Amino acid sequence: MLRTSITRSVSAVSRRYSTQAEATSKSKLPVAAAVAAAAGAGGYYYYFHVLHPSAESPAVKVQVKSPLDPEQFQNFRLQKVVPYNHNTSTFVFELPDGQASMLPVASCVIVKASDPDALKDAKGKPIIRPYTPVSHPDLPGELHFLIKKYDAGNASKYIHSLKEGDNLAIKGPIPKYPFNVNEFEEVVLIGGGSGITPLYQILSYALPDKNNKTKFKLLFGNVTEKDILLREQLDELKRKYPDTFDIVYVLSKADKNWKGGSGYITKEMLKNFVAPPSLGEKVKVFVCGPPAQVAAIAGKKEGGKQGEVDGILKELGYTSDQVFKF
């Protein structure tokens with residue numbers, strides 16, 4: 001199963017795509033980098049000495065920083081493409097010297113074409129898009145993206161046109177929310193479509209932690225059953241951690257044999273399934289999905305800022321301190 005060093009600042013382009021929690025102080029960033037370094041070193045040891053004890057490894061080296069750069073784009077080679085369903089594939093990029101990505105949770109990267117003439121908008125400017133890896137930060141030598149191809153998505157169509165051996169320019173990490181295990185008693189995750197990736201990043205990081213006591217509940221909306229991304233991984237997490245993780249799948253176009261939720265994620269579903277806002281600072285709600293869905297559930301984002309809480313969550317009494325929109 002897939003499991004998912006920040007400098008002091010990122011470039012102007014990076015900031016356009018960053019929705020890092022506004023309450024995070026800059027002083028926390030070196031801490032995140034240190035934690036990521038420790039995770040990377042642990043992954044190196046686990047891979048060579050536990051999973052593959054017979055594998056030949058060089059003299060033990062402690063990885064102290066990510067091969068990714070938050071200040072500038074770097075080219076990474078596409079190692080392989082693994083089809084997932086009718087319009088989504090996993091793109092596996094090679095990281096140099098078997099290094100781990102060491103991406104902090106939760107964070108993303110931004111990508112653009114390596115060929116400066118290959119992916120531009122109507123004004124001739126490079127098209128740059130954010131993506132959240134679905135591979136664990138300590139996975140050696142690889143960075144995985146689960147990318148859905150949209151008819152109107154120039155970036156997604158371009159990435160789907162890449163062949164093994166081609167390069168993609170990647171920059172990051174871009175910090176989003178500094179998630180800490182056991183920071184909350186209850187965490188609600190509301191996702192739609194490919195918006196599952198940052199939510200999965202949190203789940204795959206927190207649930208396996210032997211000290212985790214937080215209860216996670218995921219409401220995941222899709223059009224049809226075949227559109228549900230990462231279902232195998234999510235179901236496996238539920239099987240492994242039944243006391244701390246629960247899921248409700250919701251389909252807007254469900255067939256007659258579907259036994260999960262039908263229609264759209266509603267006020268009634270949230271009211272019956274998730275922790276109430278009366279828990280105060282003990283509960284956190286994370287939302288990620290298509291803009292229309294996010295607006296209906298939590299209110300619109302304002303550019304790179306969170307914006308006021310609105311929609312269903314406001315009706316239920318949640319406050320801005322309790323809600324984060326990816």
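What you see is a predicted model; the values in this text were computed from it and never measured.
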Qualifying residues under side-chain hydrogen bond (donor to acceptor under 3.5 Å, both in side chains), relative to N75, sequence neighbours excluded | S114
For [Y], is there an ion pair with [X] - N to carboxylate O distance below 4.0 angstrom?
{"X": "K300", "Y": "E308", "answer": "no"}
{"X": "E268", "Y": "K271", "answer": "no"}
{"X": "K238", "Y": "D246", "answer": "yes"}
{"X": "K80", "Y": "E164", "answer": "no"}
{"X": "E315", "Y": "K267", "answer": "yes"}

If hydrophobic clusters are built from ILVMFWY residues whose side chains come within less than 4.5 Å, do [X] and [Y] share one?
{"X": "L229", "Y": "V294", "result": "no"}
{"X": "F220", "Y": "L207", "result": "yes"}
{"X": "Y200", "Y": "L219", "result": "no"}
{"X": "V111", "Y": "L143", "result": "yes"}
{"X": "I247", "Y": "L270", "result": "no"}

Does the [X] side chain pair with the main chain of [Y], one donor and one acceptor, at a distance under 3.5 Å?
{"X": "N212", "Y": "D209", "result": "no"}
{"X": "K325", "Y": "A298", "result": "yes"}
{"X": "K284", "Y": "D321", "result": "yes"}

E232 and Y84 side chains, donor-acceptor separation under 3.5 Å = yes
Just by distance, with hydrogens left out, do D235 and Y249 show a side-chain donor and acceptor under 3.5 Å apart?
-> yes
Identify the heavy atoms of L313 and V287 that sit nearest to each other, and give their distance.
-> CD1-CG2, 4.1 Å
